[in-house]
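First up is the structure itself, then whatever we jot down about it.
Please read these numbers as outputs of a predicted model, since none were measured by experiment. Residue numbers start at 1 and run along the sequence shown.
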Amino acid sequence: MATFQTSDGLSLYYTDEGNGLPILCLSGLTRTTADFDYVTPHLTGNRLIKMDYRGRGKSDFDPNWQNYILPIECRDVMELLAHLSLDKVAILGTSRGGLNAMGLAMGAADSLLGVALNDIGPFIDPMGLDFIMGYLGRNPAAKTHAEAAAAMPHVFTEFQNVPASRWMEEAVKHYAQTDAGLEITYDPHLRDAVEAAGAQAAPDLWPFFDAMAGMPIACIRGANSNLLSEETLKEMQRRRPDMITAVVPGRGHIPFLDEPEAVAALHKWVGQMT
């Protein structure tokens with residue numbers, strides 16, 4: 001199992017597979033490297049690096065939950081790149097991963113080859129945040145993966161035409177089976193960190209988006225997303241007319257990234273850097 005040590009002493013898990021364009025895959029708020037299993041077969045010919053943030057998946061939980069913030073996650077990314085002796089990477093950022101990518105564009109643009117955003121932009125729809133807070137940091141009521149998979153279509157109603165097998169894959173990825181039932185695969189204190197961040201005035205993230213000027217960017221939006229609105233996407237397109245854009249029908253937050261529209265956009269994005 002590949003790990004590296006952060007400057008504050010945590011062991012963080014990562015994978016590093018393939019050759020070619022280095023693409024760092026950064027997952028969503030509560031997600032892990034498993035988030036990118038679906039898209040991996042569609043990105044052959046590239047070097048895919050995936051990392052579990054501190055407090056998620058196979059990485060150490062931080063004894064101080066106040067460190068579950070974007071600036072420290074960005075610092076962890078830079079320390080991973082140093083560990084791998086990589087000067088530059090492209091970033092495929094899902095949700096929070098895209099926020100981290102924009103943060104790195106603002107603070108370390110020289111390290112970025114390009115950014116692809118999966119259902120995230122500089123303005124986050126409060127409706128989507130409310131939905132996330134409904135489950136963040138809590139174990140599901142379902143006691144088995146099969147129960148969780150059966151419930152998911154009724155919870156994630158913005159998703160259409162998703163086979164039962166995919167919901168089962170999702171359940172297995174995001175919950176660990178224990179004798180007591182299912183458990184989340186991240187530190188429950190992540191909820192405390194998000195609540196603390198939400199108690200402060202939201203920063204203006206448009207300058208972070210604008211910091212990606214000059215590099216290839218793409219944005220993939222779920223047509224039914226409750227986090228990235230159509231209006232925000234239109235403003236992103238206005239500011240970056242060259243941005244590769246895909247809207248995935250029958251998907252909410254977040255597209256799985258193996259949909260034809262998402263794959264085509266990512267191939268085009270990769271093509272701009274190779």
Side-chain angles (χ1 to χ4, degrees), residues 1-44 46-65 67-120 173-174 176 184-187 189-190 193-194 208 212 218 220 254 256-257 266 269-270 273:
M1 189 169 99
T3 61
F4 74 100
Q5 205 82 1
T6 65
S7 54
D8 58 353
L10 295 190
S11 178
L12 302 192
Y13 170 78
Y14 73 93
T15 63
D16 183 1
E17 298 171 333
N19 297 291
L21 177 75
I23 302 174
L24 175 62
C25 302
L26 297 178
S27 56
L29 175 66
T30 64
R31 309 292 191 109
T32 68
T33 58
D35 241 10
F36 299 97
D37 287 354
Y38 307 128
V39 74
T40 294
H42 300 282
L43 291 175
T44 54
N46 300 289
R47 178 181 176 184
L48 296 187
I49 304 156
K50 306 165 189 172
M51 182 185 83
D52 280 348
Y53 302 122
R54 58 178 61 209
R56 281 79 139 192
K58 297 174 184 174
S59 288
D60 285 350
F61 288 12
D62 197 312
N64 178 8
W65 59 260
N67 288 333
Y68 295 140
I69 55 175
L70 295 168
I72 287 183
E73 289 171 8
C74 286
R75 186 184 75 193
D76 290 343
V77 167
M78 294 304 294
E79 291 178 2
L80 171 61
L81 297 188
H83 173 75
L84 296 174
S85 301
L86 270 172
D87 294 328
K88 290 176 177 284
V89 291
I91 294 183
L92 170 55
T94 286
S95 196
R96 187 177 180 96
L99 295 179
N100 276 314
M102 287 188 277
L104 289 163
M106 177 66 88
D110 288 349
S111 299
L112 301 187
L113 295 167
V115 172
L117 304 169
N118 182 19
D119 211 64
I120 191 70
K173 286 182 194 305
H174 303 309
I184 52 178
T185 58
Y186 59 93
D187 188 343
H189 287 298
L190 188 58
V194 173
F208 291 77
M212 297 188 290
I220 297 159
I254 49 174
F256 298 117
L257 292 183
L266 290 173
W269 173 67
V270 167
M273 295 176 286

Just wondering, do [Y] and [X] contact through their side chains at under 4.5 Å, heavy atoms?
X      : Y      : value
Thr30  : Ile184 : no
Thr3   : Lys58  : no
Leu70  : Arg96  : yes
Met273 : Lys88  : no

Inset, instruction - Among Asp37, Thr32, Thr33, find the one that has a side chain to side chain donor-acceptor pair (under 3.5 Å) with Lys173. - result: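 Result for side chain to side chain donor-acceptor pair (under 3.5 Å) with Lys173: Asp37.
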
How close do [X] and [Y] get, counting heavy atoms only, and between which atoms?
X      : Y      : value
Trp269 : Ala116 : CZ2-N, 3.4 Å
Ile49  : Leu84  : CG2-CD1, 3.9 Å
Gly28  : Asp35  : N-OD2, 3.8 Å
Ala109 : Ala105 : CB-O, 3.2 Å
Ala101 : Ile91  : CB-CG2, 3.7 Å
Ile254 : Ser95  : CG2-CB, 4.3 Å

Inset, instruction - Using atom types as modelled and distance alone, determine if a side-chain donor or acceptor of Ser59 lies under 3.5 Å from a backbone N or O of Tyr13. - result: yes

Legend entry - Check: Tyr53 side chain, Ser27 main-chain N or O, donor-acceptor pair, under 3.5 Å: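 Indeed, once roles are kept as given, a pair shorter than 3.5 Å links the two residues.
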
Legend entry - Heavy-atom neighbours of Tyr38 OH exceed 12 at 6.0 Å: yes

Distance check, rounded to the nearest 0.5 Å: [X] atom [atom1] versus [Y] atom [atom2]?
X     : Y     : atom1 : atom2 : result
Asp8  : Glu79 : CG    : CD    : 7.0 Å
Ile23 : Leu92 : CD1   : CG    : 7.0 Å
Leu12 : Gln5  : CG    : CD    : 8.5 Å

Legend entry - Residue pairs, two or more places apart or on separate chains, that pass side chain to side chain donor-acceptor pair (under 3.5 Å) and touch residues 15-24: Asp16-Arg47

Inset, instruction - Please determine if Asp62 and Arg54 form a salt bridge, counting it only when a charged side-chain N lies under 4.0 Å from a carboxylate O. - result: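 Looking at Arg54 together with Asp62, the answer is yes, because their closest N to O distance falls below 4.0 Å.
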
Legend entry - Pairs satisfying ring pair (Phe, Tyr, Trp, His ring centres under 6.0 Å), at least one member in residues 68-117, at least two apart: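 For residues 68-117: Phe4-His83, Tyr14-His83.
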
